[in-house]
Amino acid sequence: MKFDNRDHLRQFFTLIQEWVQDPSLLLTQSQRDILQQQINKLIHYRAVVGVMGKTGVGKSSLCNALFGQDIAPTSDVDPCTRIPQAISLSQQQERGITLLDMPGVGESQQRDEQYRELYQRHLPQLDLVLWVIKADDRALAIDERFYRDVVLPATWQSGTPILFVISQVDKLQPSRDWNWQTGQPGAQQQLNLQAKRAQLMALFRIGEHQLVATSAESQYGLATLVERIVLTLPNEKKWGFVRETRDEHISVDTWRQTGTGLWQAIKDTAKRVVGNAWRVVKTAVLGRLAKWLGA
């Protein structure tokens, strides 16, 4: 499939809309209407992503870096998020995504008890959780307890996927080793980062694929994070996230994963809607795709 950039996906959407209305397809008007409605839901799906972690780990800065806007307040001193902030992002009048910036835990025991109920209520409704941990933070008991007691139970039944994000890697000791010209960690920082990865994987019992290191200030690791998010999200929800992400953070592989996932979701939807007529529909759309791809 020719899914290398945003324009290719938009061309693909137009193509899909055309074949749904192709009069040569042996479909009833009811089937066409239902199929069109279901495909529109896939194309305009609004993904809901929760960004969580202790207070002061850089959740808001990460959100701002990913989406290229000052969408979340940041502060070097005061906790900025004490209530869940549902931030709606949309471009060119599309549906966009909802980014749920959750209050940071660890500010006080009293507030953590208040936040527990908030987290338990919102977590099952999310498409994805990003749990952010600061690279140079050694006090992880709060993260471990909140993750074990609140996050895991709330996401277990819903199956909400969780990715861990190591933030502010540029501040990892020795911070003077950070190469600001290339936006890359120095040799000793690399070693310390490997140790941090190993620590988090053991502490939270997660695989390497669930862990991404980033620096919002240097844009380090953001493309990798977006790629990992797309791989983690179900097929029908990939485009809803990528649509609002800055193009410089989207690799060719990510575009292809997004497009291929969306195409698979459309095929699955069409099979359910048109039933026995699927073979005719499939032949028609593949013929159009072959022309589009220059085959």
Side-chain angles (χ1 to χ4, degrees), residues 1 3-6 8-10 12-13 16 38-53 59 62-63 65-68 71 84 86-91 94-102 119 122-132 147 151-152 154-167 204 206-214 221-269 272:
M1 291 293 180
F3 299 125
D4 290 348
N5 55 49
R6 197 178 301 272
H8 285 168
L9 277 169
R10 296 190 191 283
F12 175 66
F13 300 156
I16 294 298
Q38 294 300 312
I39 289 174
N40 283 341
K41 286 177 64 176
L42 290 173
I43 292 176
H44 298 291
Y45 182 81
R46 179 182 287 274
V48 184
V49 179
V51 185
M52 306 174 181
K59 299 189 304 297
L62 177 67
C63 295
L66 276 176
F67 302 106
I71 57 176
I87 305 165
S88 295
L89 304 177
S90 60
Q91 295 182 6
E94 295 192 47
R95 290 289 301 277
I97 70 172
T98 294
L99 199 65
L100 196 64
D101 190 8
M102 295 292 288
Y119 273 61
H122 287 286
L123 279 165
Q125 305 171 22
L126 301 176
D127 293 314
L128 175 72
V129 171
L130 298 180
W131 189 269
V132 185
Y147 176 72
V151 177
L152 275 184
T155 57
W156 181 263
Q157 189 171 4
S158 63
T160 304
I162 303 170
L163 288 178
F164 284 78
V165 182
I166 303 175
S167 68
F204 295 99
I206 57 175
E208 190 171 358
H209 66 285
Q210 288 181 264
L211 188 61
V212 181
T214 66
L222 297 184
T224 301
L225 176 58
V226 171
E227 185 171 332
R228 201 68 53 82
I229 290 171
V230 169
L231 285 171
T232 302
L233 286 170
N235 286 330
E236 66 273 15
K237 299 175 180 180
K238 297 180 188 298
W239 170 240
F241 178 85
V242 171
R243 180 174 54 222
E244 304 307 326
T245 305
R246 295 173 62 177
D247 280 352
E248 58 263 40
H249 301 324
I250 308 175
S251 67
V252 171
D253 284 343
T254 299
W255 282 122
R256 290 173 180 169
Q257 285 284 343
T258 303
T260 302
L262 185 60
W263 169 226
Q264 185 60 53
I266 289 174
K267 287 194 295 183
D268 292 342
T269 299
R272 290 195 302 270

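In this structure Phe241 satisfies the ring pair (Phe, Tyr, Trp, His ring centres under 6.0 Å) test together with Phe67, sequence neighbours excluded. The salt bridge (Lys or Arg N to Asp or Glu O under 4.0 Å) test applied to Lys237 returns Asp127, not counting sequence neighbours. Shown here are the side chain to side chain contact (heavy atoms under 4.5 Å, CB included) partners of Ala265, two or more places apart in sequence or in another chain: Leu42, Asn235, Glu236.
The two residues Arg228 and Leu211 come nearest to each other via the heavy atoms NH1-O, 3.4 Å. Annotation for Ala47 and Gly240: closest pair CB-C, 4.1 Å, computed over non-hydrogen atoms. Shown here for Ala154 and Leu123, the closest heavy-atom pair between the two residues is CB-CD1, 3.6 Å. When all heavy atoms of Thr232 and Pro161 are compared, the pair lying nearest together is CG2-CB, 3.3 Å. Shown here for Lys238 and Leu231, the closest heavy-atom pair between the two residues is NZ-O, 3.7 Å.
Summarising the geometry, atom CG belonging to Asp4 is positioned 11.5 Å from atom OG1 belonging to Thr254; distances are rounded to the nearest 0.5 Å. Atom CD of Gln264 and atom OG1 of Thr269 lie 10.0 Å apart (nearest 0.5 Å). Taken to the nearest 0.5 Å, the CD1 atom of Ile206 stands 9.5 Å off from the CD1 atom of Ile162. Taken from NE2 in His8 to OG1 in Thr258, the straight-line distance is 14.0 Å, to the nearest 0.5 Å.
Between Leu62 and Leu225 there is a side-chain heavy-atom pair separated by less than 4.5 Å. Between Gln125 and Val48 the shortest side-chain heavy-atom distance does not fall below 4.5 Å. Residues Ile266 and Leu262 meet the side-chain proximity criterion, which asks for heavy atoms closer than 4.5 Å. Looking only at side-chain heavy atoms (C-beta outward), Phe13 and Ile39 stay at 4.5 Å or farther from each other.
The aromatic rings of Phe204 and Tyr147 stand perpendicular to each other, their planes meeting at an angle above 60°, with 30° marking the opposite boundary. Relative ring orientation between Trp255 and Trp239 is described as tilted, the plane-to-plane angle lying within the 30° to 60° band.
Using modelled atom types, one side-chain atom of His249 and one backbone atom of Ala65 make a donor-acceptor pair closer than 3.5 Å. With hydrogens and angles disregarded, no donor-acceptor distance shorter than 3.5 Å links the side chain of Gln210 to the backbone of Phe164. Judged purely by atom type and a 3.5 angstrom limit, Arg243 uses its side chain to pair as donor or acceptor with the backbone of Tyr45. With Thr260 contributing its side chain and Arg256 its backbone, the two residues share a donor-acceptor pair below 3.5 Å. Thr214 places a side-chain N or O within 3.5 Å of a backbone atom of Ile166 that can act as its donor or acceptor partner.
Between the side chains of Glu227 and Ser251, at least one donor-acceptor pair of N or O atoms lies under 3.5 Å.
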- Task: Go through Asp253 and Gln257 one step at a time and tell me if the side-chain hydrogen bond (donor to acceptor under 3.5 Å, both in side chains) criterion holds.
- Result: CA-CA 6 Å; Asp253 284 343; Gln257 285 284 343; over 6 Å; no
